[in-house]
Amino acid sequence: MNELVGKPLDRVDGRLKVTGAATYSAEYYPGNLAYGVIIESAIPKGRLKNLDTSVAEKAPGVLKIMTSQNSMSLHFPAGSDPGNGKYAEKDLLPLQSERIFYGGQAIAVVIAETFEQAEHAAMLIKADYDKDKPVFSLEKNIDQAYKPKQGLGGSEVQIKRGDADNALQSAAVTIEETYTTPVYHHNAMEPHATIAEWKGDELMMYDATQSVMGSKNLMANMLGVKPEKVRLISLYIGGGFGSKGFSWPNTVLTAMAAKLVGRPVKLVLSRQQMFTNAGRRTQTIQKISLGTDNAGKLNAIKHATTSETSFVDEFVEPAGIATAMLYSSPNADISHSLVRLNKGTPCPTRAPGEAPGTFAIEAAMDELAYKLKMDPVELRLLNYAETEEQKNKPFSSKNLKECYRQGADAIGWKQRNPQPGSMQEGNYLIGYGMATATYPANRSASTAKAILFADGHAEILCGTQDIGTGTYTIMTQIAADAFALPMEKVKVKLGDSSYPKGANSGGSQVSASVGPAIRAAALGAVNKLIKMAIADSGSPLHGHKEEDIVAANGRLYVAKTNSGESYEQLLSRNGGKVEALATTNVSTRQQEANPAAKSGAEEEAEKESKTNAVVQDDEKTDRKPYAFHSFGAQFVKLRVDKQLGTVHIDKIVSIMDIGKVLNLKTAKNQIMGGIIFGIGMALMEGTGYDPNDGRVVTRDLAQYLVPVHADMPEFDIRFIDKPDPYISPIGARGIGEIGITGITAAINNAIYHATGKRVRDLPVTADKLI
Amino acid sequence: MSDLLNQDEKPHRGGSTRREFLTQITMAGAGLSFAPILVKSVTPTSALALIQPVKVNLMVNGLAKSLTIDSRVTLLDALREGLAMPGTKKGCDHGQCGACTVLVNDRRINSCLTLVAMCDGAQITTIEGLAKGDQLHPMQEAFIKHDAFQCGYCTPGQICSAVGLVKEGHAKTDANIRELMSGNICRCGAYQNILEAIKEVQTT
Ligand code: FES
Ligand code: FES
């Protein structure tokens with residue numbers, strides 16, 4: 001078995017994507033479709049005094065202008081928690097009052113026959129405001145900081161072991177520095193898009209989301225309709241990176257607009273609106289203190305992060321989380337503080353916490369290495385965490401030493417002159433840098449349905465989604481192996497809330513969560529088929545023992561004699577198809593943002609799973625004794641122009657320990673994508689705000705720079721490829737996010753090595769180096 | 001000053017508006033080479049002032065299409081909304097991402113920066129028109145083989161741009177390809193694989 005899993009196969013949706021036939025959420029054409037355009041508040045705080053829509057209402061094609069006056073009233077979403085500032089007041093929900101809490105907040109939606117007409121009418125609306133004094137500077141309001149009780153999904157964000165302050169005082173060598181990162185925007189290529197259509201009390205939605213289930217439940221909740229009346233589809237998603245993990249006002253506004261005009265409505269955010277209305281990575285101020293003995297052995301680690309949240313909701317960027325487990329140290333103190341600002345709510349962005357956090361801790365480790373006159377790799381090996389010291393558990397699997405070794409070899413680490421500023425080539429200073437990458441390995445409960453048909457093909461239905469990572473492909477590999485069918489005979493269907501509940505695309509968990517459920521469902525279906533054959537007097541397998549029958553190539557047969565028959569033959573005599581449901585109820589962390597009551601289908605799946613040996617085996621594994629994390633080593637070689645201060649990355653070596661590799665092709669692509677996100681963070685990205693009115697000034701892709709073709713280095717990406725024995729029977733941990741971790745620090749450390757200048761404020765633009 | 005403030009605090013969608021952009025285009029088209037890019041256009045009192053249906057004949061992927069369409073419509077929106085051909089993507093609507101790249105008379109252009117009214121009589125090739133029946137264009141084959149995408153949203157633009165680039169005859173070195181493809185952003189970061197795909201097509 002396991003013939004297809006692990007192979008570097010082409011994507012199963014490749015043909016659709018290269019021919020333009022893959023349908024994204026804005027690309028449906030229900031009859032009588034109308035277009036919506038959101039009007040944003042131009043002030044960050046206050047009250048809408050008057051909204052003059054009289055001219056706009058008369059503009060050609062305009063159907064309605066939806067404001068807080070005529071919009072339907074919304075219900076609190078599940079998970080509202082006034083005590084923690086989560087949707088604390090009713091009027092924090094979109095278009096429920098005249099109050100304004102952030103610049104860019106929706107104050108109206110124009111609905112018109114065409115997009116052009118809606119856009120034009122939007123220009124004719126006049127708003128008058130009563131302005132209040134906003135707060136939008138993190139630095140200036142740091143005295144307002146408070147310590148949140150918990151992070152996303154109830155995670156711990158204030159963490160302590162031992163007495164770090166005391167240990168720092170007695171440390172032989174210390175480092176104490178502050179590292180800062182700006183606001184970053186996800187900027188997925190596909191703008192947030194929704195189409196909503198009401199049919200009586202039933203709602204059909206196409207929505208660009210990282211969670212078809214979460215988005216559906218939230219919509220049902222806010223709109224006050226039963227979850228089974230809402231169907232939400234997201235077949236192809238043009239990138240998410242966290243921004244489509246939350247539902248932003250545009251989704252519910254589309255449903256409200258469709259209700260108001262009694263027609264289907266399409267609403268797509270403009271690129272500009274994605275800078276105010278669809279989340280962001282928060283700015284962070286991170287203070288790191290490290291203390292060691294004379295040999296460099298860590299005795300104390302402190303990581304204090306201050307970041308921002310909004311007045312509408314609470315989100316903690318858990319930048320210090322990785323620091324709690326990355327190195328061995330008896331004393332650690334990890335804290336997070338928040339300041340509420342009049343900006344939209346931030347949200348997870350690829351490796352929330354770990355991405356900015358590993359910049360700070362891994363740059364600080366580099367500084368410490370230079371102070372100790374030690375090789376940065378040696379320092380990390382000396383402080384290698386053999387166990388997860390905060391939780392006091394062994395890792396399920398950790399091969400980080402091997403990552404360091406291979407990475408150092410591949411980049412030529414030993415051949416460099418470690419002295420900063422010592423290596424030159426013509427007009428360039430050459431620098432080498434490295435850092436550790438890490439990301440938790442998450443897994444949560446998932447359900448899948450498997451169906452075998454009499455024509456010999458099989459289907460998998462699962463309410464998860466492929467945001468571009470390759471889920472369709474690797475799930476087809478997993479399912480085909482389990483069904484004992486070739487790839488072409490297996491169709492994996494995702495992205496539809498009417499399917500059994502799959503995991504959301506957050507925390508790099510889809511492969512680890514959905515894969516085992518799909519495998520169990522497919523194996524369950526094959527097992528039913530075997531039982532069917534044994535019971536069928538017309539089958540050559542009639543009366544044989546279950547354990548003597550094997551499945552291969554779409555055929556069941558007795559191993560010893562090779563006598564048997566095809567799935568087609570068996571199924572055509574026995575009702576045409578066989579179905580199996582499987583729920584793998586395994587979680588490696590606390591969950592989840594929008595828990596909903598179990599539906600009848602979910603209960604049915606759980607019941608069936610009790611008799612599914614694969615599920616039972618999987619659930620039997622005791623995971624509590626282990627800490628689940630992926631690791632990696634990032635190595636960078638770059639050049640800095642002596643006169644211009646521009647940074648050119650020559651080569652990036654990334655060695656990843658992420659358990660079993662399901663598909664080398666898509667896996668490399670994922671890691672590369674994460675690294676490129678990190679190149680953006682390190683060298684060019686950052687959202688600028690007007691200091692006077694708090695509005696975003698870098699509101700498009702000409703102002704907000706992201707890496708392009710011309711910025712690309714040479715890549716050498718490799719995997720340790722050792723299956724994790726505890727995460728699941730498949731052995732794969734997630735890889736969507738680990739690529740971005742450590743890389744900003746590796747680049748930063750290489751810049752220091754090249755120039756002797758330590759820039760602790762991202763991005764490292766040329767002006768900071770000259 | 002107070003006037004300016006009012007202007008700034010108009011509820012907004014950000015960036016330069018389609019209407020301002022139209023003003024710039026029209027003026028440039030009329031031979032005013034110093035297009036008043038910095039001049040704010042005046043909010044029209046009557047919305048009707050902007051409504052001008054135009055008749056446009058296009059060849060889209062070899063098929064004749066006749067449209068009577070609002071003069072404000074871009075080629076991109078004419079394809080996506082007017083003709084229900086969503087293969088061409090909208091990433092920014094401002095000429096900054098390349099997702100909307102199509103070939104007009106064999107040249108690669110940003111269809112979001114092109115009014116459909118400017119395309120009368122033009123031959124337009126979109127991603128939907130590159131394959132010959134079931135036979136994919138070599139660039140499409142190469143993109144699949146080299147895994148030159150993840151989410152696929154930038155892909156139609158990357159492929160059309162790459163086809164145009166090869167035709168331009170400049171896809172000779174890695175550095176050239178990288179430079180000349182830099183108008184096509186891939187946020188998923190499939191750049192290395194896109195480069196490999198283009199190189200394969202260039203050399204075959
Ligand atoms: S949509 Fe045309 S360049 Fe971005
Ligand atoms: S494949 Fe997602 S943006 Fe390029």
Side-chain angles (χ1 to χ4, degrees), chain A residues 10-11 14-15 17-24 27 29 37 39-43 58-60 107 114-116 119-125 127 129 187-191 236-239 270-273 467-470 665-666 669 672-673 676-677 699-702 706 708-710 712 715, chain B residues 8-15 17-19 43 47-48 50-51 70 72-73 77 81 84 86-94 96-97 99 126-128 131 136 140 143-145 147 149-156 159 177-179 181-182 184-195:
Chain A
D10 293 345
R11 285 176 202 248
R15 197 179 175 95
K17 286 181 174 174
V18 302
T19 54
T23 42
Y24 298 81
E27 301 172 353
Y29 305 92
V37 162
I39 318 289
E40 299 186 342
S41 163
I43 65 158
K58 290 192 207 87
I107 55 171
T114 72
F115 171 62
E116 287 73 21
E119 265 212 324
H120 172 236
M123 302 307 298
L124 304 174
I125 290 177
Y129 305 93
N187 277 309
M189 287 316 296
E190 179 204 23
Y236 296 95
I237 299 115
S270 68
R271 179 61 54 182
Q272 286 69 26
Q273 288 174 331
I467 61 169
T469 52
K665 218 178 228 196
T666 58
N669 206 338
M672 202 148 53
I676 293 168
F677 239 80
R699 281 167 71 90
D700 58 33
L701 294 170
V706 300
V708 298
H709 280 280
M712 290 303 106
F715 291 96
Chain B
D8 282 345
E9 291 183 359
K10 263 190 358 196
H12 57 86
R13 299 196 64 227
T17 65
R18 169 75 34 73
R19 185 166 41 76
T43 303
L48 286 168
L50 284 172
I51 303 302
D70 191 327
R72 294 168 294 188
V73 176
D77 287 326
E81 308 301 335
T88 307
K89 304 302 181 201
K90 184 185 282 191
C92 70
D93 221 6
H94 278 56
Q96 298 165 345
C97 76
T126 72
I127 192 72
E128 290 102 333
L136 294 181
Q140 293 172 312
F143 264 62
I144 295 176
K145 177 175 159 195
D147 206 34
F149 50 87
Q150 291 175 29
C151 77
Y153 198 80
C154 74
T155 312
I159 292 178
I177 296 173
R178 284 188 166 132
E179 185 65 34
M181 285 296 292
S182 281
N184 289 85
I185 294 173
C186 177
R187 189 56 161 161
C188 294
Y191 294 123
Q192 182 67 31
N193 298 351
I194 295 170
L195 175 75

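Note that the structure is a prediction, hence the values are computed from the model and not measured.
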Handout entry: Whether A/Glu116 side chain and B/Arg72 backbone form a donor-acceptor pair below 3.5 Å
Key = no
Practice task
Answer with side chain, backbone, both or neither: which region of A/Tyr236 has an atom nearer than 4.5 Å to a non-hydrogen atom of chain B?
Solution key: neither
Problem - Engaged part of B/Ser182 at the chain A interface, taking heavy atoms whose separation is under 4.5 Å - result: both
Practice task
Working to the nearest 0.5 Å, report the span between CG of B/Asp147 and OG1 of A/Thr666.
Solution key: 6.5 Å
Handout entry: A/Ala21 portion near chain B, given a 4.5 angstrom heavy-atom threshold
Key = neither
Exercise for the section: Could you look at A/Ile676 and say if it's the side chain, the backbone, both or neither that has a heavy atom under 4.5 Å from chain B? Expected result: side chain
Fill in the blank from the handout: So, the part of B/Ile159 with a heavy atom under 4.5 Å from chain A: the answer is side chain
Fill in the blank from the handout: If you tally heavy-atom pairs under 4.5 Å between each of B/Phe149, B/Tyr191, B/Phe143 and chain A, the highest tally belongs to B/Tyr191
Handout entry: Under 3.5 Å: donor-acceptor pair, side chain of B/Tyr153, backbone of B/Ala99
Key = no
Handout entry: Under 3.5 Å: donor-acceptor pair, side chain of A/Arg271, backbone of B/Gly91
Key = yes
Practice task
Please determine, by modelled atom types, if B/Gln150 and B/Arg187 share a side-chain donor-acceptor pair under 3.5 angstrom.
Solution key: no
Practice task
Give a yes or no answer on whether the side chain of B/Gln140 reaches the backbone of A/Val18 with a donor-acceptor pair at less than 3.5 Å.
Solution key: yes
Handout entry: Partner chain A: residue of B/Pro156, B/Ala131, B/Cys186, B/Ala84 with the largest heavy-atom pair count (under 4.5 Å)
Key = B/Ala84
Handout entry: Top contributor to chain A contacts, counting heavy-atom pairs under 4.5 Å, from B/Ala190, B/Cys151, B/Gly87, B/Cys92
Key = B/Cys151
Exercise for the section: Quick one: which of B/Ile177, B/Ile144, B/Thr88 has the most heavy-atom pairs under 4.5 Å with chain A, could you say? Expected result: B/Ile144
Exercise for the section: Heavy-atom pairs under 4.5 Å with chain B are the metric here; pick the option from A/Thr114, A/Thr23, A/Thr469, A/Val708 that has the most. Expected result: A/Val708
Handout entry: B/Asn184 versus A/His709, closest heavy-atom pair with distance
Key = O-CD2, 3.6 Å
